[in-house]
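Data block below; observations after.
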Number of protein chains: 2
Amino acid sequence: MIMTTLKLDMNSNLYLRDPQETELGRRILEVSIEMIDELGFEKFTFRKLAARIESAEPSIYRYFENKHRLLVYLIAWYWNWLAYRIDFNTQNITTPAEKLKIAIDLLAQKKEKDPLFPSIDEAALYRIVIAESDKTYLTKQVDDDNKEGLFLGFKSLCKKIAGYVKLVNPDYEFPHTLVSTLMQTAHQQLFFSDHLPSLTEIGRTNENIYDMNKRFLTDIVFKTIDKDQLN
Amino acid sequence: MIMTTLKLDMNSNLYLRDPQETELGRRILEVSIEMIDELGFEKFTFRKLAARIESAEPSIYRYFENKHRLLVYLIAWYWNWLAYRIDFNTQNITTPAEKLKIAIDLLAQKKEKDPLFPSIDEAALYRIVIAESDKTYLTKQVDDDNKEGLFLGFKSLCKKIAGYVKLVNPDYEFPHTLVSTLMQTAHQQLFFSDHLPSLTEIGRTNENIYDMNKRFLTDIVFKTIDKDQLN
DNA sequence: TGGTATTGATAGTATTACTATCATAAATGG
DNA sequence: CCATTTATGATAGTAATACTATCAATACCA
């Protein structure tokens, strides 16, 4: 039986000390996911985190400049993980339409524990992505953060999927626009379905919300790019 | 010459004392728009606002429970204003497809000063909507806030436009999902175009970004709902 | 064994998000 | 026109947040 654990390649500007390298670092990731999920990002503090892992506040600051950077790190990790899964699942697929479909499936799919990354609770992280990820870039420092490469995870995944779109229909004018919309909408609609249900049909029937979301997204994407889809 | 100013109907749970009723209230609205635009929501505080309007912090707390409520108020005001403009501009239009098109136009249009509301700088408010509006509901208290009706502006506008969608194609399965996506995407893409341009084609050519955004949105909406659009 | 890096413990600071209290001014009503 | 309610302003205070500085203890490494 093969036991493997992987480390995702993270842009080194995301952290001060690499949290994947040390025991304390991995505890910070593990417990911060748990606590942000539980408390929400605004009520989450490094002091509370330090208390729960029985460490000290300054020790955490040695890994992350501040809690915003930690959030950006977690969200970047999520996008890198998704990109990895999309690559993995589309390896032997030749038709771009099929690749695109798989990417949408993986994007909108319910997330479960991935044994390759023992210290990450992917289900909790996905809830954080849904509720908090927009906060990574909706700040006044977005341009500085972007220059530092903090959003490369999101951007490169967008580029990858937009590449599939271009292969399906090289004449479509807005591949990146469509894909960034797709990526955002996938999470947003799950949030709406949960908290503001009058904004969406998803969750109104007894069909599984993830499947329904997938159908909505796949429909919109293929209708938009594929002029001849009805033939 | 007719001089009219209007007051939009705001849900009374949004405020403690109605800011449209008093001089100080209107100053709070006016200057908070200016300051949130300038500083961003996180660096904006009631203390700084009080200083700039030469009032006192507690006086502001008499109008709004806290700065989050003030933001929710401003965003709700924006949605009510848009709903009003959509009603006004679709009054004599009979075909639902045309109504829908006008709604998308108004949604994505560049916003300029509306003389009907002298104390509101709509251009600045629109920048706030783009950069901050998601923060109104991405909180742990979203369900409580929703029960209080704080998001009625957004929800009723979504319902209105989804109504047009249903008239265009009564068989389309996801009218609200599509429209909430449309409403979010309209702002999001302008943000991306400004700060994360690799996520969108909008702004890459010398075509006006608002027009380009409109074309993208109109295309996606009509392709999605109108099976026969190409005929 | 000596040195370097990592962590933990304690303490401290400026700022934030409020709340309480009280005086004054302005508007309102009999 | 005086009395009273109401809105505002001024001052002060509190608990919590987002850090930063300092130093000792420990571990690991040559």
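Quick caveat, the model's predicted, so the values are computed rather than measured.
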Practice task
Using heavy atoms to find the nearest nucleotide of DNA chain D for Ala56(B) and Phe44(A) separately, return the residue whose nucleotide is more 5′.
Solution key: Ala56(B)
Practice task
Select base, sugar-phosphate, or nothing to describe what Tyr61(A) touches, counting heavy atoms under 4.0 Å on all strands.
Solution key: base
Problem - Phosphate-side-chain proximity, Ser59(A) and dG8(C), N/O vs OP1/OP2 below 4.0 Å - result: yes
Problem - For Thr45(A) against Lys48(A), the heavy-atom pair lying closest together - result: OG1-N, 3.0 Å
Exercise for the section: Grab the CD-C1' distance between Glu42(B) and dT16(C) for me, whole Å please. Expected result: 13 Å
Exercise for the section: Do nucleotides 21-30 of chain D as a string where each nucleotide becomes B, S or -: B if the base has a protein heavy atom under 4.0 Å, S if just the sugar-phosphate does, - if no protein is that close. Expected result: B---------
Exercise for the section: Mind calculating the distance between CD1 (Ile53(A)) and C1' (dT7(C)) to the nearest angstrom? Expected result: 11 Å
Problem - Interatomic distance, Ile60(A) CD1 vs dA9(C) P [rounded to whole Å] - result: 12 Å
Problem - Rounded distance (Å) that lies between atom P of dC18(C) and atom CG of Asn66(B) - result: 5 Å
Handout entry: Within 6.0 Å of NZ in Lys135(A), more than 12 heavy atoms from elsewhere
Key = yes
Handout entry: Phosphate contact (dT8(D) OP1 or OP2) by Arg17(B) side-chain N/O below 4.0 Å
Key = yes
Practice task
Mind checking Thr45(B) for me? I need base, sugar-phosphate or nothing, with any heavy atom below 4.0 Å counting as a touch.
Solution key: sugar-phosphate
Exercise for the section: Under 4.0 Å between any heavy atoms, over every strand shown, what does Lys48(A) touch: base, sugar-phosphate, or nothing? Just pick one. Expected result: sugar-phosphate
Exercise for the section: Check whether any side-chain nitrogen or oxygen of Tyr63(B) sits under 4.0 Å from OP1 or OP2 of dT8(D), and answer yes or no. Expected result: yes
Practice task
Classify the ring geometry between Phe46(B) and Phe44(B) as parallel (under 30°), tilted (30 to 60°) or perpendicular (over 60°).
Solution key: perpendicular
Problem - Spacing of NE2 belonging to His187(A) relative to OH belonging to Tyr78(A), to within rounding of 0.5 Å - result: 3.5 Å
Exercise for the section: Round to the nearest Å and state the distance from Leu39(A) atom CG to dA16(D) atom P. Expected result: 15 Å
Handout entry: dT7(C) phosphate, OP1 or OP2, under 4.0 Å from Ser55(A) side-chain N/O
Key = no
Practice task
Examine Phe192(B) together with Tyr137(A) and report whether their ring centres are nearer than 6.0 Å.
Solution key: yes
Exercise for the section: Round to a whole Å and report the spacing from NZ of Lys43(A) to C1' of dT16(C). Expected result: 14 Å
Practice task
Using heavy atoms to find the nearest nucleotide of DNA chain C for Glu54(A) and Arg47(A) separately, return the residue whose nucleotide is more 5′.
Solution key: Glu54(A)
Completion exercise
Shortest non-hydrogen pair, Lys155(A) vs Asn146(A), comes out as NZ-OD1, 2.7 Å
Exercise for the section: Would you mind classifying the nucleic acid contact of Phe64(A) as base, sugar-phosphate or nothing, using non-hydrogen atoms under 4.0 angstrom? Expected result: nothing
Problem - Atom pair distance, as rounded to whole Å: CD1 in Ile28(A) and C1' in dG8(C) - result: 13 Å
Exercise for the section: Using whole Å, report how far CZ of Arg69(A) lies from C1' of dA18(D). Expected result: 15 Å
Exercise for the section: Would you indicate whether Glu54(A), at its atom CD, is surrounded by more than 12 heavy atoms from other residues, nucleotides or ligands within a distance under 6.0 Å? Expected result: no
